[in-house]
Amino acid sequence: MFIMTHNQVRVRFAPSPTGPLHIGGVRTALYNFLFACQHNGSMILRIEDTDQNRFVEGAEDYIIDALKWCKIEFDEGIHQGGNYGPYRQSERKDIYHRHIQQLIASGKAYYAFDTPDELEIMRESLKARGETNPKYDYQVRAEMKNSLSLSGEEVEKLKAAGTPYVVRFKMSENEIVEADDIVRGKIKVNTATLDDKILLKTDGMPTYHLANIVDDYLMKISHVIRGEEWLPSLPLHYMLYEAFGWEPPKFAHLPLLLKPEGKGKLSKRDGDRLGFPVFPTQWIDPKTVEEFNGYREDGYLPEAFINIIAMLGWNPGTEQETFSMQEMIKAFNLEKVQKAGARFDPEKAKWFNHYYIQQKNNDELADSYLTILKKHGHTTSKQLAKRIVELIKERANFIHDLWNQSWFFFESPKEFDDKTIKKKWKQDTPEILKELRSLLEAVEDFTSENLQNQTHAFIEDKKLGFGKVMVPLRICLVGKAAGPDLMEMMEILGKDEILKRIDFALNNIQKEHNN
RNA sequence: GGUCCGUUCGUCUAGUCAGGUCAGGACGCCAGGUUUUCAUCCUGGUAACAGGGGUUCGAAUCCCCUACGGACUACCA
């Protein structure tokens, strides 16, 4: 009898430390987190490091730091402990061994001594017999070297001699497994198409299949939310729960994130070559010292990044598409998760980030701005930083655009855009600018408001068009036809700097551009 | 090859489970407007139910087939 004393939601994010997380992994973590928060449940970080050969230095720290940047937090895990530890599978070997003994004792699993060569021979001979899908299953296990085909005595002898062995699951022969998935509904598979999966490897480590079932059970995981690549092994996992006599948790298999150019799921190796990062934050490969950019380094705000990946595969069914973390937690629903894979769209990502930059208040933005200025060798007051940020933020798609849109407040233009000059720098332009210069020089009250009045009066007085005056002035100050409000710029830059830039432009813009 | 999963504008998607508004939104793109430039912003437009059979008065929606795509098929997770 299974009595649930509580229906506490407990979910886990269980990466293997084989490198940085890519955005698909972050999304899986995010959905787990949203689900846990919504149900007042617990979010657990478990490290699946049962393959010692693939361990990558620094990957664990990367995972924790990157998720922290995303504001995805854990209640239990390798970094903060909890009542269900240890949370690193490599530290749970004895637990797996105890459980594997249980399966062997009940006849659900068996020792196998076959060497890689022998396995290869088995596969080849099956193929020769016309078997399209050769596998270690009920049809061949009696012919193999294992504790089902050998006598107990022989098995003991082999073990005593230190012969390497694995433990395999004894898959039932002809049974329909009906597995349930929250995203996809019922999935039926005949166990005859399944094989006797290895549960314990020669090195004494469990495989994913064993470790994941044992840990999820022991850690009281209520919902397993993971990538679609696990769907084919769901029937096996159901059989394992049954073999242990445990009730399985609920499952939800998330659609894959696809490569934008066409084929296959996004992989870590896609690196930077796609034109957008695949990692949340920068990753430097410890062996090759190769650097991969992250969303953080590319100027994305974490709020935007999270929103972008959340919408890749989920949608609340309303027309809302910008969500704070709190709003997402409220609106999230596993049943509204998409079945088909999604492709990342860099253009829409840009739009999201622009939106979040607009949402950010000038105070916070000014802090980031001051950091960027420092990188470019400049500094200014917080007050002025706020003022500039207010002026230019609507033009910024990424954090670094704050600099691209405002460098001219700190550096005077040394070059002038040819195209703009050809179009806007007329024969009479120098003369007009000289007159404007004298006018500006005489202005006492150098505020945007007053400058506005003065220049407008000047333009009307001379019966000139705005474009005839303002664009050339802008060229003097910025070097091209770009940038925020001219009058505001002039006030910030100050009279001396304005006059200097006009003089420099007049002296350097070539006469041959005339006409 | 086998097993499983999937398929609505170029992209992300609503609508499917309880068949019944010109298939809705967003990004992009195009056009127009605002603006002293560029960008933003505003308005409008463009564009999709993979194909074929059924069931039904009626199908994007239910059933079957086909095509296409994907995942898995390791002593990797």
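Proteins come first, then strands; the chains are lettered A, B, ... in the order of their sequence lines, and each starts at number 1. Note: hydrogens, waters and symmetry copies are ignored here, and every other heavy atom, side chains too, is used.
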Within this structure, what is the [atom1]-to-[atom2] distance between [X] and [N], rounded to whole angstrom?
X        : N     : atom1 : atom2 : answer
A:Phe344 : B:U11 : CZ    : C1'   : 11 Å
A:Asn353 : B:C12 : CG    : P     : 20 Å
A:Asn307 : B:C27 : CG    : C1'   : 13 Å
A:Arg226 : B:C72 : CZ    : P     : 13 Å
A:His237 : B:C72 : NE2   : C1'   : 12 Å
A:Ile308 : B:A26 : CD1   : P     : 18 Å
A:Asn212 : B:C76 : CG    : C1'   : 14 Å

* **Verdict with supporting geometry, A:Tyr238 and A:Phe251, ring pair (Phe, Tyr, Trp, His ring centres under 6.0 Å)** => CA-CA 10 Å; A:Tyr238 261 74; A:Phe251 289 92; 5.8 Å; yes
Quick one: label [X] by what it contacts on the DNA or RNA (base, sugar-phosphate, nothing), any heavy atom closer than 4.0 Å.
X        : result
A:Lys265 : sugar-phosphate
A:Arg54  : base
A:Val189 : sugar-phosphate
A:Gly185 : nothing
A:Asp401 : nothing

* Asked: Is there a donor-acceptor contact under 3.5 Å from the side chain of A:Asp49 to the main chain of A:Phe55?
  ->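 Between the backbone of A:Phe55 and the side chain of A:Asp49 there is no qualifying donor-acceptor contact (under 3.5 Å).
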* Asked: Would you say the side-chain atoms of A:Asp485 pair up with the backbone N or O of A:Leu391, donor to acceptor, closer than 3.5 Å?
  ->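 Judged by distance alone, no pair lies under 3.5 Å.
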Whole-angstrom distance between [N] and [M], as gauged at atom [atom1]:
N     : M     : atom1 : answer
B:G15 : B:C22 : C1'   : 15 Å
B:C27 : B:G19 : C1'   : 31 Å
B:A59 : B:C49 : P     : 16 Å
B:C29 : B:G10 : P     : 16 Å
B:G28 : B:U11 : C1'   : 8 Å

Could you work out which one of [options] sits closest to the side chain of [X]?
X        : options             : answer
A:Glu48  : B:C4, B:G6, B:A77   : B:A77
A:Thr132 : B:A71, B:G28, B:G2  : B:G2
A:Glu319 : B:G24, B:U13, B:C5  : B:G24
A:Ile187 : B:A14, B:G28, B:C4  : B:C4
A:Gln338 : B:U7, B:U13, B:C76  : B:U13
A:Val166 : B:C75, B:U13, B:G25 : B:C75

* Asked: So how far is it from A:Phe169 CZ to A:Leu240 CG, rounded to the nearest 0.5 Å?
  ->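 Output value for this atom pair is 4.5 Å.
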Is there a side-chain polar atom (N or O) of [X] under 4.0 Å from OP1 or OP2 of [N]?
X        : N     : answer
A:Thr50  : B:A77 : yes
A:Lys201 : B:C76 : yes
A:Lys259 : B:A71 : no
A:Lys336 : B:G15 : yes

Watson-Crick or G-U wobble partner for [N], using a 3.5 Å limit on both distances?
N     : value
B:U35 : none
B:C27 : B:G10
B:U55 : none
B:U73 : B:G1

* So which of A:Glu321, A:Arg27, A:Met328 actually passes side-chain contact (heavy atoms from CB on, under 4.5 Å) with A:Met311? ->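 In the set A:Glu321, A:Arg27, A:Met328, the residue that makes a side-chain contact (heavy atoms from CB on, under 4.5 Å) with A:Met311 is A:Glu321.
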* Electrostatic pair A:Glu390-A:Arg387, nearest N-O below 4.0 angstrom ->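 Looking at A:Arg387 together with A:Glu390, the answer is no, because their closest N to O distance does not fall below 4.0 Å.
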* Is A:Glu435 salt-bridged to A:Lys462, cutoff N-O under 4.0 Å? ->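 Looking at A:Lys462 together with A:Glu435, the answer is yes, because their closest N to O distance falls below 4.0 Å.
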* Structure fact -> Contact string for nucleotides 33-48 of chain B, one letter per nucleotide 5' to 3', B = base within protein heavy-atom range under 4.0 Å, S = sugar-phosphate only, - = neither, reads ---BBBBSS-------
* Is there side-chain contact between A:Thr193 and A:Asn133, with at least one heavy-atom pair below 4.5 Å? ->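 In short, these two side chains do not touch, never coming nearer than 4.5 Å.
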* Asked: Is the A:Trp230-A:Tyr208 ring centre distance short of 6.0 angstrom?
  ->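 Yes.
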* **Aromatic centroids of A:Trp283 and A:Tyr62 separated by under 6.0 Å** =>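 Close enough - the centres of the two rings lie under 6.0 Å apart.
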